[in-house]
Each structure stands twice: as C-alpha cells, then as structure tokens.
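Have a look at the structure below, then the notes.
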There are 2 protein chains.
Amino acid sequence: MGSMQVKTDWIPDAEVRDVYSRQCPCRDLLDMLADKWTALTIGALEDGPRRFGQLRVKLEGISQKMLTQTLRTLERDGLVTRTVYPTVPLRVDYELTELGRSAAEPLAAVRAWSTGNLPQVVTARRAFDQRAADVPQPSS
Amino acid sequence: MGSMQVKTDWIPDAEVRDVYSRQCPCRDLLDMLADKWTALTIGALEDGPRRFGQLRVKLEGISQKMLTQTLRTLERDGLVTRTVYPTVPLRVDYELTELGRSAAEPLAAVRAWSTGNLPQVVTARRAFDQRAADVPQPSS
DNA sequence: CGGGATCCTACTTGATACTG
DNA sequence: CAGTATCAAGTAGGATCCCG
C-alpha cells in the first residue's frame with residue numbers, strides 16, 4: 001500500500017486517467033485497493049458497522065498496527081467512517097461509506113475468486129513444480 | 001505478494017475455505033491476486049498474447065525483475081502460459097489461460113474503480129487532511 | 001530480446017510497551 | 001478498548017551485470 005503517500009494530489013481528466021501510467025495518481029489508488037488487508041477489511045464491513053476489536057478477530061492474524069493503518073488509510077480516502085463513542089471502555093465503530101460500498105463489490109469478487117479457484121491453482125502449481133523438477137539440469 | 005510461497009499445498013473443502021482464516025491457503029492466493037502488478041499484468045493480457053517487452057512498456061515503471069517474478073507466479077498458478085519462440089533475437093509470449101481470464105474480470109473492475117473514483121478519493125483526502133490540520137494540537 | 005543471479009537499500013510489518 | 005510510539009528485522013523490489 002505504500003504506507004502514507006501524501007504526494008501528487010492533482011487529478012487528471014477522466015479521459016487521460018490511466019492506471020498503466022506511472023505518474024497517474026490512480027495507480028497509487030490501485031495499489032491501495034489491490035491489497036490483501038484492504039480487501040479483507042472492506043469485506044468485513046460489508047454487513048454493517050464493526051468495532052475495532054471485532055475486525056481484529058475477524059481478520060485472523062492481522063496485527064493491530066496493520067489494522068489501524070489500513071483503517072486510517074480507508075478513512076482518509078473516504079471509504080470508511082470512524083465513529084468514537086466516549087463510553088467507559090471506549091468504543092469505536094467503523095462503517096463503509098457509499099464510496100466504500102461501491103469498492104466492496106469488486107473486492108468481493110476478488111475474494112470469491114480466491115476461495116473458489118484454489119483447487120485449480122493448487123493443481124497448476126503441482127504440475128508446474130513437477131515439470132520444473134523433471135527438466136532442471138542445465139546438463140552440467 | 002510474498003515472493004515465492006511454496007508452502008502448505010493441502011486443499012480445504014469448499015465449505016470450509018475462507019480467506020479470513022489465517023492458515024487457509026486461499027488467503028495466500030488472495031494475497032497474490034490482490035496485488036498491483038498482478039492486476040496490471042493480467043489486464044495487459046486481456047486482449048491477447050503479449051511479449052515480455054511489450055508488457056514492460058505497458059506497465060510503466062515496472063522493473064524487469066518484478067515483471068519476471070509476477071509472470072512466473074502467474075504461470076505457476078496456472079493463470080498464464082509462457083511460450084518461447086526459438087527465433088534469433090528470441091521471443092516469448094505470455095497469454096491468459098481460461099483460469100486467468102476468469103480472474104481478469106474481477107481485476108478489471110478493481111482497476112476501473114481506481115480510475116473512476118480518483119476524484120472522490122482525492123476530495124476525501126483533502127477534507128481529512130484539513131480536519132487533521134485543524135484539530136492537531138494535543139494542547140502541548 | 002528475455003531473462004537469471006547478485007547485491008543492497010528502504011519500506012513494510014511485527015513485536016512491545018505505554019496511554020486516554 | 002482502541003489505539004500511539006518505538007524499535008527491530010524481514011523482505012519486497014530496484015539497480016547491475018551477465019548470458020543464450
């Protein structure tokens with residue numbers, strides 16, 4: 001995701017905008033969106049607001065630092081809202097914005113592809129590794 | 001993407017498979033797919049086979065190492081085929097497999113979202129940074 | 001042209017400790 | 001609970017050089 005890019009800020013016209021262009025800011029946006037934790041975090045918020053702790057549990061294995069960082073970026077980019085309830089043990093809710101919900105759809109498809117096509121990929125890997133094991137020798 | 005994970009290899013039953021589960025191999029698959037260079041590379045192959053050099057030009061700013069690495073991973077995972085033509089200056093074509101084409105659709109949506117929603121995101125960032133600039137002081 | 005092999009740095013991420 | 005701040009370290013990724 002590139003931690004905290006504050007750079008560029010100019011917005012190219014829609015016709016010129018291109019993720020394949022190195023300096024187009026939308027590439028950084030792609031970099032932010034096409035990220036494992038981003039995809040999982042947004043997915044975890046699809047069914048409504050969630051607390052920080054709930055998210056940490058849901059995203060098994062994520063460190064609190066990564067979760068915080070991911071949520072901050074999403075909040076700054078307008079995909080998520082952060083609501084603080086000044087109750088005693090303190091409570092913070094995260095919720096998708098309209099913009100966030102629009103991003104949730106493509107990401108859901110990516111997640112679904114990952115779970116749905118695991119067998120095919122594993123099969124392909126085995127075949128590939130097998131071929132690699134057969135042909136290896138540069139004949140020495 | 002996690003460079004070259006050779007690990008796990010077992011395939012959980014479809015019902016149990018879950019990207020939110022830390023040890024489910026499909027999470028690594030998500031990590032591979034939800035990647036900037038993967039999304040761009042697969043997108044660059046949507047319209048048919050492309051040569052290594054063509055891809056390097058298309059993906060502005062990618063290093064040959066990253067391109068090679070990305071293509072190798074995609075090949076191993078069965079999303080892309082690699083064809084070598086033993087001509088003199090040597091020529092190598094990369095082409096999406098059926099599996100690769102199925103992955104291309106979700107990724108195209110992610111790329112489209114990035115270019116299409118750049119203005120909204122930039123606006124949100126400005127507002128966020130502005131608020132941050134207003135409230136900042138911990139009162140010292 | 002299309003890489004493979006190295007080297008090296010910088011950013012990413014995790015682990016800890018502390019706070020409102 | 002929900003963070004922030006720091007420190008340590010792993011590794012992603014760029015730069016180079018070389019080869020078939």
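Protein chains get the first letters and strands the later ones, always in sequence-line order, with residue 1 at the start of each.
- In this structure, the nucleotide among C:dG3, D:dG14, D:dG3 sitting nearest to the side chain of B:T68 is C:dG3.
- Under 4.0 angstrom from either OP1 or OP2 of C:dG2 there lies at least one side-chain N or O belonging to B:R51.
- Distance A:D35 CG to C:dC11 C1': 14 Å, rounded to the nearest Å.
- Spacing between atom NZ of B:K65 and atom P of D:dC18 amounts to 18 Å, rounded to whole angstrom units.
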Just distance, no hydrogens or angles: give the donor-acceptor pairs under 3.5 Å from side chains in residues 52-61 of chain B, sequence neighbours left out.
unit_1 : atom_1 : unit_2 : atom_2 : d
B:Q54  : OE1    : B:R51  : N      : 2.7
B:E60  : OE1    : A:R22  : N      : 3.0

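- Hydrophobic clustering, with ILVMFWY side chains joined whenever heavy atoms are under 4.5 angstrom apart, keeps A:L29 apart from B:F128.
- The distance from atom CD of A:Q69 to atom P of C:dC11 is 13 Å, rounded to the nearest whole Å.
- No side-chain heavy atom of A:P25 sits less than 4.5 Å from a side-chain heavy atom of B:V122.
- Counting to the nearest Å, the P atom of C:dT12 and the CE atom of A:M66 are 9 Å from each other.
- Summary for the helix from C:dC1-D:dG20 to C:dG20-D:dC1: the axes at its two ends, each from 5 pairs, differ by 50° when rounded to the nearest 10 degrees.
- The interatomic distance linking B:L67 (CG) with D:dA12 (P) rounds to 17 Å, in whole Å.
- Nucleotide D:dC1 holds its P atom 17 Å from the CZ atom of A:R50, rounded to whole Å.
- Between A:T38 and A:D35, the side chains place a donor N or O and an acceptor N or O closer than 3.5 Å (distance only, hydrogens not considered).
- Screening residues 88-103 of chain A for salt bridge (charged side-chain N to carboxylate O under 4.0 Å, His left out), with sequence neighbours left out, gives A:R91-A:D93, A:E98-A:R101.
- Between B:K36 atom NZ and C:dT12 atom C1' there is a gap of 13 Å when expressed in whole angstrom units.
- For A:R82 and A:Y94, the side-chain atoms include at least one donor-acceptor pair closer than 3.5 Å.
- In the region residues 56-64 of chain B, proximity to DNA chain D at under 4.0 angstrom, judged on heavy atoms, holds for B:S63, B:Q64.
- A donor-acceptor pair under 3.5 Å is formed between the side chain of B:T97 and the backbone N or O of B:L79.
- At a non-hydrogen distance threshold of 4.0 Å, B:R82, B:P89, B:L90, B:V92, B:Y94 from residues 77-97 of chain B come into contact with DNA chain C.
- Side-chain atoms of A:D18 come within 3.5 Å of backbone N or O of A:Y20 as a donor-acceptor pair.
- For B:F52, counting side-chain heavy atoms from C-beta on, the closest listed nucleotide (D:dG3, C:dG3, D:dC1) is C:dG3.
- Side-chain atoms of A:I11 and A:R17, non-hydrogen and from C-beta on, do get closer than 4.5 Å to each other.
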Which donor-acceptor pairs under 3.5 Å do the side chains of residues 107-114 of chain A make with protein atoms, sequence neighbours left out?
unit_1 : atom_1 : unit_2 : atom_2 : d
A:R111 : NH1    : A:A39  : O      : 3.1
A:R111 : NH2    : A:E46  : OE1    : 3.4
A:R111 : NH2    : A:E46  : OE2    : 3.4
A:W113 : NE1    : B:S102 : OG     : 2.8
A:S114 : OG     : A:V110 : O      : 3.1

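- Residue B:L55 contributes atom CG, which lies 14 Å from atom P of C:dC1 at whole-angstrom precision.
- The closest side-chain heavy-atom distance from B:M32 to B:D77 is below 4.5 Å.
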